[in-house]
Engineer: 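Before we start, here is the structure in question, set down as C-alpha cells.
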Amino acid sequence: MFLALICGDARWSRDVDTYARSAAADRAAWPLTAGMPANIWACAFWPEPVEEPVAVTAEGPRNTLILQNRRDNATPWEDALGLAEVLGRRAGSVGADNGGHYVYGQGSTCVDQATVTFLTTGRLSEENLYCTDVPEG
C-alpha cells in the first residue's frame, strides 16, 4: 500500500544513472544514511500515474487539522510548517514539543483536546497551537 501511495502520486525518473549519482553524493554528504534516501525505489519502474497531481492551495473551506511533533524523523517539522503556509486559513496547526511520529494520544492534553474538538465539532483554533505539556519520556 505504501508503494501504491508514494509511486502513484507523481512521475518518477526512470534514469538509473541519475539515482546512482545522487546516492553516491548523499553517501559522501551524509554517511549515516548510506545514500538510501536518494537511491532508486520501486517507483522508478511503477506505471505512470493515471491522474495529474492535485494542486494544494489556500482556496477552499477551513477544514484541515495539521498535527506535528517537533522532532519527528519521518515527517519533518519544516514540512508541516510549509503545508500550513500553503493551506493558509484552510488549516489549523497543532504542534507538540515531542519526538516520534505519533502526536495524538501521547499524553499531551493540549494536543488531545484540540484534536477531539476538531473531530467532534469541526472547529479549529483561531490561532495555531504549540503544546508543551508533553510528559517526560
Side-chain angles (χ1 to χ4, degrees):
M1 185 58 159
F2 172 77
L3 288 175
L5 290 172
I6 299 302
C7 299
D9 273 352
R11 289 175 179 82
W12 287 71
S13 171
R14 296 181 187 276
D15 184 354
V16 175
D17 291 335
T18 298
Y19 288 106
R21 285 190 301 276
S22 296
D26 272 20
R27 250 186 240 108
W30 300 287
L32 184 62
T33 68
M36 187 279 297
N39 209 342
I40 197 163
W41 283 49
C43 300
F45 309 101
W46 205 266
E48 293 288 320
V50 295
E51 298 175 340
E52 290 299 316
V54 173
V56 178
T57 71
E59 300 297 318
R62 182 169 164 77
N63 63 0
T64 303
L65 175 64
I66 300 168
L67 295 175
Q68 181 68 44
N69 279 327
R70 183 69 178 96
R71 296 172 303 284
D72 178 348
N73 64 342
T75 55
W77 178 252
E78 292 76 15
D79 288 359
L81 296 178
L83 178 61
E85 184 178 331
V86 169
L87 289 174
R89 292 292 302 155
R90 288 187 61 196
S93 176
V94 178
D97 186 18
N98 203 4
H101 195 59
Y102 300 105
V103 183
Y104 177 77
Q106 300 303 301
S108 168
T109 301
C110 170
V111 167
D112 291 355
Q113 284 180 345
T115 304
V116 169
T117 296
F118 174 70
L119 292 175
T120 58
T121 69
R123 287 193 318 266
L124 296 165
S125 173
E126 285 303 313
E127 299 295 323
N128 290 333
L129 301 175
Y130 187 70
C131 302
T132 58
D133 66 335
V134 178
E136 296 290 323

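Worth saying up front: this structure is predicted, and the values here are computed from it rather than measured. Note: hydrogens, waters and symmetry copies are ignored here, and every other heavy atom, side chains too, is used.
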Engineer: Report the distance from atom CE of M1 to atom CD1 of I6, rounding to the nearest 0.5 Å.
Structural biologist: 11.0 Å
Engineer: What distance separates E85 CD from L87 CG, expressed to the nearest 0.5 Å?
Structural biologist: 10.5 Å
Engineer: Applying a strict under-4.5 Å side-chain criterion to I, L, V, M, F, W and Y, I'd like to know whether L119 and V94 cluster together.
Structural biologist: yes
Engineer: Check the hydrophobic clustering (I, L, V, M, F, W, Y; side-chain heavy atoms under 4.5 Å; chains of links allowed) and say if L129 and L65 are grouped together.
Structural biologist: yes
Engineer: Could you check whether atom OH of Y130 has more than 12 heavy atoms from other residues, nucleotides or ligands sitting under 6.0 Å from it?
Structural biologist: yes
Engineer: Quick check on the hydrophobic clustering: are W12 and I40 connected, directly or via other members, by side-chain heavy-atom contacts under 4.5 Å?
Structural biologist: yes
Engineer: Might you point out which heavy atoms bring P31 and A28 nearest each other, and give the distance in Å?
Structural biologist: CD-O, 4.0 Å
Engineer: Would you mind reporting whether C7 and W41 have side-chain heavy atoms less than 4.5 Å apart?
Structural biologist: no
Engineer: For residues F118 and V111: do they belong to one hydrophobic cluster (side chain heavy atoms under 4.5 Å, members Ile, Leu, Val, Met, Phe, Trp, Tyr)?
Structural biologist: yes
Engineer: Using the rule that Ile, Leu, Val, Met, Phe, Trp and Tyr join whenever any side-chain heavy atoms are under 4.5 Å apart, tell me whether V116 and V134 fall into a single cluster.
Structural biologist: no
Engineer: Can you pull the side chain to side chain donor-acceptor pair (under 3.5 Å) pairs that have at least one residue in residues 48-66, sequence neighbours excluded?
Structural biologist: R11-E48, R11-E52, R14-E48
Engineer: For residues N98 and Q106, report the shortest heavy-atom separation together with the two atoms involved.
Structural biologist: ND2-CB, 4.2 Å
Engineer: Would you name the heavy atoms of A91 and N128 that are closest together and state the gap between them?
Structural biologist: O-OD1, 4.5 Å
Engineer: Please check if the side chain of D112 supplies one atom and the backbone of G105 the other of a donor-acceptor pair under 3.5 Å.
Structural biologist: yes
Engineer: Which value, rounded to the nearest 0.5 Å, describes the distance between Q113 atom CD and C131 atom SG?
Structural biologist: 9.0 Å
Engineer: If every non-hydrogen atom of G8 is compared with every non-hydrogen atom of P49, which pair is closest and at what distance?
Structural biologist: O-CB, 3.4 Å
Engineer: Can you tell me how far the OH atom of Y104 sits from the CG atom of L67, to the nearest 0.5 Å?
Structural biologist: 10.0 Å
Engineer: Could you pull out the closest heavy-atom pair between S13 and Y19, with the gap in Å?
Structural biologist: O-OH, 2.8 Å
Engineer: Tell me whether Q68 contacts the main-chain N or O of L81 through its side chain, where contact means a donor paired with an acceptor under 3.5 Å.
Structural biologist: no
Engineer: Sub-3.5 Å donor-acceptor pair from the side chain of N69 to the main-chain atoms of R71, do we have one?
Structural biologist: no
Engineer: Of all the heavy-atom pairs spanning P135 and S108, show the shortest one and how long it is.
Structural biologist: CD-N, 4.3 Å
Engineer: Under 3.5 Å, side chain of R27 to main-chain N/O of A34, donor-acceptor pair present?
Structural biologist: yes
Engineer: Considering only heavy atoms from C-beta outward, does the side chain of V103 approach that of T115 to under 4.5 Å?
Structural biologist: no
